[in-house]
**Q** 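Have a look at the structure that comes next, please.
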Number of protein chains: 2
Amino acid sequence: MRQETIENYLKTIYNLSANNTMLVGNQKLSDKLGLRPATVTEGLRKLHDLKHVIYEKSYGTRLTASGAKLALSIVRRHRIWETYLTKELGFGWDEVHEIAEELEHIKNDKLINKLASILGNPIYDPHGDPIPDAKGKILKSNFIKLSETKVKNNYKVMGVTDHSSSFLKYLEKHRLIIGAFINIKTIEDFDNSIILSCQKKELSISAKAAECIIVEAV
Amino acid sequence: MRQETIENYLKTIYNLSANNTMLVGNQKLSDKLGLRPATVTEGLRKLHDLKHVIYEKSYGTRLTASGAKLALSIVRRHRIWETYLTKELGFGWDEVHEIAEELEHIKNDKLINKLASILGNPIYDPHGDPIPDAKGKILKSNFIKLSETKVKNNYKVMGVTDHSSSFLKYLEKHRLIIGAFINIKTIEDFDNSIILSCQKKELSISAKAAECIIVEAV
DNA sequence: AAATTGTTTTAGGTATACCAAAAATAATAA
DNA sequence: TTATTATTTTTGGTATACCTAAAACAATTT
Ligand SMILES: [Mn+2]
Ligand SMILES: [Mn+2]
Ligand SMILES: [Mn+2]
Ligand SMILES: [Mn+2]
């Protein structure tokens, strides 16, 4: 298996497993990796042989200790590069994910640690995701999704779970960026869309978009 | 053909063709690419079909205009990264080639041009190789190899053609670095080794090493 | 419990990147 | 010019990463 393929599998399994608490199914992996389910089945079998995952046939997959370690190191590289690109090289938060998707495979610890140190060893990336440290230690937050909030309460935007340029541009247009304070006005029974106020303006967020915004109660 | 494979072929053909003046043979490509001759034959046929090279069966290969353009852009990325790694990220000139070998495949013009601009659009990389500009224009120098110098003359070290860490460390140990002034004392008839003075010390350079050092008459 | 639906696996197949060994071709020496 | 040597190509083969379609299995509904 090509190293890059291994890394993409492990990173994706990590991202879908909610801190390694859940088994990850093939369908979701197939989606995220852009491969057909049959291909994923083969890939997982190989990763199992490599001892990077425990693959329970027909039920799902979880990372082993070695798999998790590798996954965390890819996640670290990805998020450090995203941060470096925005903070040091003038890229927007909506541009960096794609580039980091390639840069994350460059394997040189000295390089990543140097970038991290120039940035002051940041703990969050431009999308609010926590950055593992050089040892793989990562902050565990108890933030919630905007879709899980309650009417009348106040929240602060802490991150996003969709990194696509279109979604991030949409958020920026409505000033719904990291650090913004919001108040939930209404939640529509009909379609679960949310009406909230943010920077003195009211706006309506679809249930789908609300799934992708991470907030903290204030 | 994988994009990375294409890029490695084209870059290598460029580097072996002395500014596109010479046909490149399969044997040398096989060496540099770490592939067997039979594999190179296949690869070149495919690049020919892609119109990136003119492959004259049994005689050799040259880049087409489109191939040269692509090659120059890889060379630019490689050399800009090497320069950025040394100038901005604190790496030694003996460490950067391997990393650049990976980074050169990250395709994002805005990124490379940003790095170049931070560096002040440099014209030479840490090994003295000229860096093509964003349009592919590259300086053509008429420097010579140390092995082509004449006794008693004075020269300035301008570059190296071997980027291996061991060779560069060896040079550094003897202060034979870019910008150093040297005077040729003797050239041994027997083995073509060169005795020269550099920074007030005398040292003997093997014919093989002298092939890899680029100098300018002063 | 049976039927339906959704997910995963198997079986069989394509395309690509490589290789070793033998054959063909080109370059060089006699 | 012929023989010898070096280089390149052809042939036939392996390994890998992907795919589609069909079969098997698990989860959900009736
Ligand atoms: Mn990736
Ligand atoms: Mn991110
Ligand atoms: Mn290189
Ligand atoms: Mn260089």
Side-chain angles (χ1 to χ4, degrees), chain A residues 1-18 21-64 67 70-71 74 101-102 104-105 107, chain B residues 1-13 15-18 21-63 67 70-71 74 101-102 104-105 107:
Chain A
M1 238 176 155
R2 293 208 311 134
Q3 183 64 15
E4 199 173 314
T5 311
I6 294 178
E7 293 183 352
N8 284 334
Y9 268 87
L10 296 181
K11 179 191 63 167
T12 307
I13 294 166
Y14 176 84
N15 285 333
L16 291 174
S17 70
T21 56
M22 283 166 40
L23 281 183
V24 179
N26 288 14
Q27 192 113 113
K28 271 189 180 137
L29 277 171
S30 162
D31 267 15
K32 288 274 177 191
L33 291 168
L35 302 170
R36 309 318 301 270
T39 307
V40 171
T41 301
E42 287 176 45
L44 292 175
R45 221 200 303 276
K46 285 174 202 157
L47 289 174
H48 186 103
D49 293 346
L50 290 170
K51 303 268 174 24
H52 284 141
V53 306
I54 293 159
Y55 161 57
E56 300 180 25
K57 198 164 122 176
S58 281
Y59 290 93
T61 304
R62 85 178 76 251
L63 294 170
T64 61
L70 235 172
I74 316 306
E101 205 59 38
E102 299 183 51
E104 71 190 2
H105 301 292
K107 200 198 143 315
Chain B
M1 237 175 157
R2 296 206 311 133
Q3 183 64 16
E4 201 174 311
T5 311
I6 294 177
E7 294 183 352
N8 283 335
Y9 268 86
L10 296 182
K11 177 191 64 169
T12 307
I13 294 166
N15 284 332
L16 291 175
S17 71
T21 55
M22 283 166 40
L23 281 183
V24 179
N26 288 14
Q27 191 113 115
K28 272 190 178 133
L29 276 171
S30 162
D31 267 16
K32 288 274 178 194
L33 290 168
L35 301 171
R36 309 317 302 273
T39 307
V40 171
T41 300
E42 286 177 46
L44 292 175
R45 222 199 303 275
K46 285 174 202 155
L47 289 174
H48 186 104
D49 292 347
L50 290 170
K51 301 269 170 33
H52 284 140
V53 305
I54 292 159
Y55 161 56
E56 301 181 25
K57 199 164 124 174
S58 281
Y59 290 92
T61 304
R62 85 179 75 252
L63 295 170
L70 236 172
I74 316 306
E101 207 58 37
E102 298 184 52
E104 71 189 5
H105 300 291
K107 200 197 142 315

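Side chains are part of it too, since the values below use all heavy atoms of this structure and drop only hydrogens, waters and symmetry mates. Labels below follow one simple rule: chain letters A, B, ... track the order of the sequence lines, proteins then strands, and each chain is numbered from 1.
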**Q** May I ask you to say what A:Gly43 touches in the nucleic acid, namely base, sugar-phosphate or nothing, with a heavy-atom cut-off under 4.0 Å?
**A** nothing
**Q** Considering just the side-chain nitrogens and oxygens of A:Tyr9, establish if one lies under 4.0 Å of OP1 or OP2 belonging to D:dA17.
**A** no
**Q** Would you tell me if any nitrogen or oxygen in the side chain of B:Lys57 comes within less than 4.0 Å of OP1 or OP2 on C:dA24?
**A** no
**Q** Does D:dT9 have its OP1 or OP2 closer than 4.0 Å to a side-chain nitrogen or oxygen of B:Tyr59?
**A** no
**Q** For A:Arg2 and D:dA15, what is the distance between atoms CZ and C1' respectively, to the nearest whole Å?
**A** 14 Å
**Q** At under 4.0 Å between heavy atoms, what does A:Lys46 touch on the DNA or RNA strands: base, sugar-phosphate, or nothing?
**A** sugar-phosphate
**Q** Nearest whole Å is fine: how far is D:dT7 P from B:Asn26 CG?
**A** 11 Å
**Q** Counting the atoms with a prime plus P, OP1 and OP2 as sugar-phosphate, which does A:Thr41 contact under 4.0 Å by heavy atoms, base, sugar-phosphate, or nothing?
**A** base
**Q** Atom CG of A:Leu35 and atom C1' of D:dT16: how far apart are they, to the nearest Å?
**A** 13 Å
**Q** Could you give the CG-to-P distance, from B:Leu33 to D:dT8, as a whole number of Å?
**A** 13 Å
**Q** D:dT10 C1' sits how many Å from B:Arg36 CZ, rounded?
**A** 16 Å
**Q** CD of A:Gln3 versus P of C:dA17: gap in Å, rounded?
**A** 20 Å
**Q** Provide, to the nearest angstrom, the distance between the CD atom belonging to A:Glu42 and the P atom belonging to D:dT16.
**A** 12 Å
**Q** Rounded to whole Å, please give me the gap between CD in B:Glu4 and C1' in C:dC18.
**A** 15 Å
